[in-house]
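One structure is given below, encoded as structure tokens.
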Amino acid sequence: MSHEFKTKQIIQPVSQRYDLCRQLSDCALQFEDQWEEKQLEFEAEMEERVMIMADEGLLELVWTKLLSNAVKFTPPGGTITLSLVSNGENFMVSMADTGCGMDEETVKHVFDKFYQGDASHSTQGNGLGLALVKRILQLSDGSITVESTVGKGTVFTVTLPLIPPDKRMEMEER
């Protein structure tokens, strides 16, 4: 007798206070060898310190995936620009590259599970990365948008609250 078990993983963000600028810098440095090898210019436009309340481990997955894609799809000599701005309530992290860009159809499906717009890179992943990124951001009360032009590059922009709504209520109750 065989039993089929289906497991469903539940991602439950656990928020803690930490410096987002430090995390973004640490994540970017993981790719330093790769961007130097491809002679990419890496630019960072960030404030010195932005304290946020979020799940540090989950957001690290987000930044690592976006950086990895930027490095992978930017040709030698291109530029990757990481920027962080905050307005007191939310923060926006943008990852821009001068890579191959995506057509309209790919942009429409880029966050779908198993979708890979560029078949030439299909051996380098399973098409789950950006679907997971979007899910993590939804669970963290955030969002992600993408703008892309074929042959010019892509910009992913992540928007998240500095303090998640559930933590904001806790703080107000004190």
Side-chain angles (χ1 to χ4, degrees), residues 9-74 76-99 101 107 110-111 125 128-149 152-174:
Q9 287 189 313
I10 297 170
I11 303 172
Q12 201 61 54
V14 178
S15 297
Q16 61 195 47
R17 196 169 148 74
Y18 73 94
D19 181 6
L20 179 61
C21 297
R22 179 193 48 76
Q23 183 183 43
L24 287 168
S25 299
D26 290 349
C27 286
L29 287 173
Q30 292 175 30
F31 294 93
E32 189 175 16
D33 291 347
Q34 289 167 275
W35 86 60
E36 282 181 354
E37 193 180 304
K38 284 180 87 173
Q39 298 176 337
L40 301 176
E41 193 172 317
F42 187 88
E43 298 173 356
E45 300 165 2
M46 295 191 280
E47 299 166 38
E48 207 168 291
R49 196 166 187 230
V50 173
M51 296 305 289
I52 65 167
M53 189 92 163
D55 188 310
E56 193 170 1
L58 287 178
L59 285 190
E60 185 178 333
L61 292 171
V62 169
W63 315 134
T64 302
K65 182 61 192 170
L66 294 178
L67 280 157
S68 140
N69 278 359
V71 170
K72 185 191 321 185
F73 293 109
T74 302
T79 303
I80 295 171
T81 306
L82 169 64
S83 66
L84 165 64
V85 291
S86 64
N87 63 10
E89 217 169 281
N90 297 307
F91 66 87
M92 277 81 58
V93 173
S94 289
M95 189 78 59
D97 65 57
T98 57
V107 167
V110 76
F111 298 109
L128 283 173
L130 289 173
L132 180 62
V133 160
K134 185 174 184 179
R135 186 71 189 122
I136 288 170
L137 293 170
Q138 287 171 335
L139 292 169
S140 306
D141 298 302
S143 62
I144 184 166
T145 58
V146 61
E147 290 172 50
S148 193
T149 306
K152 291 210 169 155
T154 302
V155 182
F156 282 96
T157 303
V158 170
T159 304
L160 279 159
L162 287 166
I163 300 168
D166 60 326
K167 295 291 177 192
R168 207 173 298 139
M169 286 170 62
E170 278 176 32
M171 292 169 84
E172 286 169 5
E173 287 169 7
R174 286 184 195 156

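No hydrogens, no waters, no symmetry mates; every other heavy atom, side chains included, goes into these values.
Minimum interatomic distance between T159 and M92 (heavy atoms only, all atoms of both residues): OG1-CG, 3.4 Å. Scanning all heavy atoms of the two residues, the minimum distance from P13 to D55 falls at CA-OD2, 3.4 Å. Between W63 and C27, the closest heavy-atom pair is CB-SG, 4.1 Å. Pairing each heavy atom of I163 with each of M53, the nearest pair is CA-CB, 4.0 Å. Nearest heavy atoms, L82 versus M95: CD1-CE, 3.6 Å. The two residues M51 and L162 make their nearest non-hydrogen contact at O-CD2, 3.8 Å.
Residue-environment remark: CD (E36) exceeds the threshold of 12 foreign heavy atoms within 6.0 Å. Other residues, nucleotides and ligands place no more than 12 heavy atoms under 6.0 Å from the CD atom of E147.
You'll find the side chain of L67 stays beyond 4.5 Å of the side chain of W35, heavy atoms only. The shortest distance between side-chain heavy atoms of T149 and T154 does not fall below 4.5 Å.
For the atom pair CG of D26 and CD of E60, the computed distance is 8.0 Å after rounding to the nearest 0.5 Å. Put simply, OG1 on T79 and CG on L40 are 8.0 Å apart, with the number rounded to the nearest 0.5 Å. Here the CD atom belonging to Q138 is positioned 10.5 Å from the CD1 atom belonging to I144, to the nearest 0.5 angstrom. With rounding to the nearest 0.5 Å, the separation of CG in L61 from CD1 in I136 is 4.5 Å. In this structure, R135 CZ and L58 CG are separated by 11.0 Å, a value rounded to the nearest 0.5 Å. Rounded to the nearest 0.5 angstrom, E47 CD and R49 CZ are separated by 12.0 Å.
Of the listed residues (T64, V110, V158, V62), just one forms a side chain to side chain contact (heavy atoms under 4.5 Å, CB included) with V133, and that residue is V62.
Between F156 and F111, the ring planes lie perpendicular to each other; the angle is over 60°, past the 30° to 60° tilted range.
Looking only at atom types and distance, the side chain of S94 has a donor-acceptor partner in the side chain of T157 under 3.5 Å away. If you check the side chains of E56 and Q23, you find no donor sitting under 3.5 Å from an acceptor.
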- Message: For L24 and V50: C-alpha separation, side-chain torsions, deciding distance, then whether side chain to side chain contact (heavy atoms under 4.5 Å, CB included) applies.
- Response: CA-CA 11 Å; L24 287 168; V50 173; over 6 Å; no
- Determine, step by step, whether V85 and F91 satisfy the side chain to side chain contact (heavy atoms under 4.5 Å, CB included) criterion, reporting the C-alpha distance in whole Å, the side-chain angles of both residues, the deciding distance to 0.1 Å, and the verdict. CA-CA 6 Å; V85 291; F91 66 87; over 6 Å; no
- Message: Determine whether L66 and L130 satisfy the following criterion, side chain to side chain contact (heavy atoms under 4.5 Å, CB included), listing intermediate values before the conclusion.
- Response: CA-CA 8 Å; L66 294 178; L130 289 173; 3.9 Å; yes
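When atom types are taken as modelled, the side chain of T98 and the backbone of K152 share no donor-acceptor pair closer than 3.5 angstrom.
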